[in-house]
Amino acid sequence: MSLKIAIQGIPGSFHHQVALKAYGDEAEILPFNTFEAVAKSISQGEADFGVMAIENSIAGAILPNYDLLDRYELFITDEFYLPISHQLMALPGQQIEKIKEVRSHPMALLQCKTFLAQHPNMKQVDDIDTATVAKRISQEQSEGLAAIASEIAAEIYGLEILARDIQTVKSNFTRFILLANKINPSDEGSNKASFKVTIKNEQGGLAQLLSMLAYKGLDLSKIQSIPVIEKPWEYSFFIDAVFTNYENYRDAMNLIQRDFGDVKIFGEYRSRK
Ligand SMILES: O=C(O)C(=O)C[C@]1(C(=O)O)C=C[C@@H](O)C=C1
């Protein structure tokens, strides 16, 4: 029986590409319009796994997805870095000067900010995902409308590329997390963990926490503060850390719980960078 994989988006979207690369062409893809619906599908066990973008090298973190990970009690089983190239596409035969509106996923529009600033005649509109816009343009034969999406989306939906590689810098990556509603069955090769620490707001508290993590040999690849919504102006810290010694990493987790505050571990997996 093939695995059911929840994603936000349709064939041709970047999530769809990651799902096939990570789980194989045999996977059954469950497409959703929102990240929240993806999280719900995984937590209820409808999907075996899910794919969720968490961070892009140009546009930064997708903050609401940290909250979904936490609120739906999901676990990170792996990560995936996809190189992202964006193409401006429209119906065949359209001229770039005649494009009045460009639609895409908000993260994709952000990654093409410099190009879009050079084309002020194009009104920018957020949409569900990159490929959905390409599909709609094709189905409705919309003139004067362009999508920002992948080359694969242009091929699938029969659109013509009007401008290539329009992301602000050529080397552009999105980090995706692979999610399940159960913890990773202990992977001997784990050398990375994602966890949330909620500490009291005391002078030097965060500095001491970071020193302890460094002392225990944890190399932080990301730290993201997220508001604790029940307590205005208090924050949790979502941390990704790489380690070489599993025992030292476990010690660090125990020390956080003993001396600093609450720690919630989202997953231990292999670093793919
Ligand atoms: O719209 C898509 O194709 C997506 O897969 C979404 C998404 C994102 O959520 O960041 C994925 C990768 C790119 O960073 C741009 C958009």
Side-chain angles (χ1 to χ4, degrees), residues 5-23 27 29-42 47 49-69 72 74 76 78-90 101-116 124-138 145-157 159 161 163-179 222 224 238 272-273:
I5 313 298
I7 62 162
Q8 192 226 36
I10 64 168
S13 70
F14 294 104
H15 277 88
H16 194 265
Q17 294 171 35
V18 172
L20 296 185
K21 283 176 198 279
Y23 296 102
I29 308 294
L30 309 184
F32 293 96
N33 282 347
T34 63
F35 287 124
E36 177 125 21
V38 170
K40 201 179 262 178
S41 169
I42 306 163
F49 295 96
V51 177
M52 191 181 269
I54 194 81
E55 190 184 352
N56 171 266
S57 56
I58 299 176
I62 308 181
L63 295 184
N65 288 356
Y66 285 88
D67 171 59
L68 292 174
L69 171 66
Y72 282 92
L74 302 177
I76 303 175
D78 209 338
E79 63 177 359
F80 197 101
Y81 291 83
L82 186 74
I84 305 275
S85 287
H86 289 299
Q87 324 297 334
L88 183 79
M89 60 192 72
E101 187 173 299
V102 57
R103 288 180 168 262
S104 197
H105 188 278
M107 287 303 280
L109 291 171
L110 269 176
Q111 291 161 38
C112 303
K113 223 162 55 177
T114 307
F115 172 87
L116 293 169
Q124 299 168 40
V125 182
D126 288 355
D127 216 309
I128 300 169
D129 75 290
T130 56
T132 295
V133 182
K135 183 176 182 186
R136 211 186 298 128
I137 290 175
S138 172
L145 178 61
I148 291 177
S150 67
E151 185 156 14
I152 296 174
E155 277 164 26
I156 299 178
Y157 303 110
L159 299 185
I161 295 179
R164 282 191 178 272
D165 299 340
I166 59 168
Q167 67 276 8
T168 299
V169 291
K170 287 273 169 289
S171 169
N172 178 32
F173 290 87
T174 296
R175 174 176 176 247
F176 295 80
I177 46 179
L178 310 187
L179 299 167
K222 169 89 178 162
Q224 179 71 56
F238 283 68
R272 303 291 181 181
K273 201 150 67 173

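Both counts, for ligands and for their atoms, begin at 1 and track the order of listing.
Within the structure, ligand 1 lacks Val18 among the residues with a heavy atom less than 4.0 angstrom away. For the pair Gln17 and ligand 1, no heavy-atom separation below 4.0 Å is found.
Looking at Leu82 against ligand 1, nothing comes within 4.0 Å, counting heavy atoms. Under 4.0 angstrom from ligand 1, the non-hydrogen atoms of Phe35 all belong to its side chain. At a heavy-atom cutoff of 4.0 Å, ligand 1 is contacted by the side chain of Ala53 but not by its backbone. Heavy atoms from both the backbone and the side chain of His15 come within less than 4.0 Å of ligand 1. At a heavy-atom cutoff of 4.0 Å, ligand 1 is contacted by both the backbone and the side chain of Thr130.
Atom numbering of ligand 1 starts at 1 in the shown order; those under 4.0 Å from a heavy atom of Ile62 are 9 (O), 10 (O).
Side chain of Gln87 to main chain of Asp165: a donor-acceptor pair is present (N/O by atom type, distance under 3.5 Å, no hydrogens or angles). Remark: side-chain polar atoms of Asn56 are paired, donor with acceptor, to backbone N or O of Phe173 under 3.5 angstrom. With Ser150 contributing its side chain and Gly12 its backbone, the two residues share a donor-acceptor pair below 3.5 Å.
The residue from Asp67, Asn65, Ile7 that alone fulfils the side chain to side chain contact (heavy atoms under 4.5 Å, CB included) condition with Phe35 is Asn65.
Nearest protein heavy-atom neighbour of atom 10 (O) of ligand 1: Met107 CB, 3.4 Å. Here the protein heavy atom with the shortest distance to atom 16 (C) of ligand 1 is His105 ND1, 3.8 Å. Looking from atom 13 (C) of ligand 1 to the surrounding protein, the closest heavy atom is Thr174 OG1, 3.6 Å.
From Ile42, atom CD1 reaches atom OH of Tyr72 across 10.5 Å, with rounding to the nearest 0.5 Å.
Around the NZ atom of Lys21, the shell of radius 6.0 Å holds no more than 12 heavy atoms that belong to other residues, nucleotides or ligands.
For the residue pair Gln8 / Asn33, no side-chain donor-acceptor distance below 3.5 Å is found, with atom types taken as modelled.
Where the criterion is an N or O separation shorter than 3.5 Å, residue side chain and backbone included, Gln111 meets it with respect to ligand 1.
Between His86 and Phe14, a ring centre-to-centre spacing shorter than 6.0 Å is recorded.
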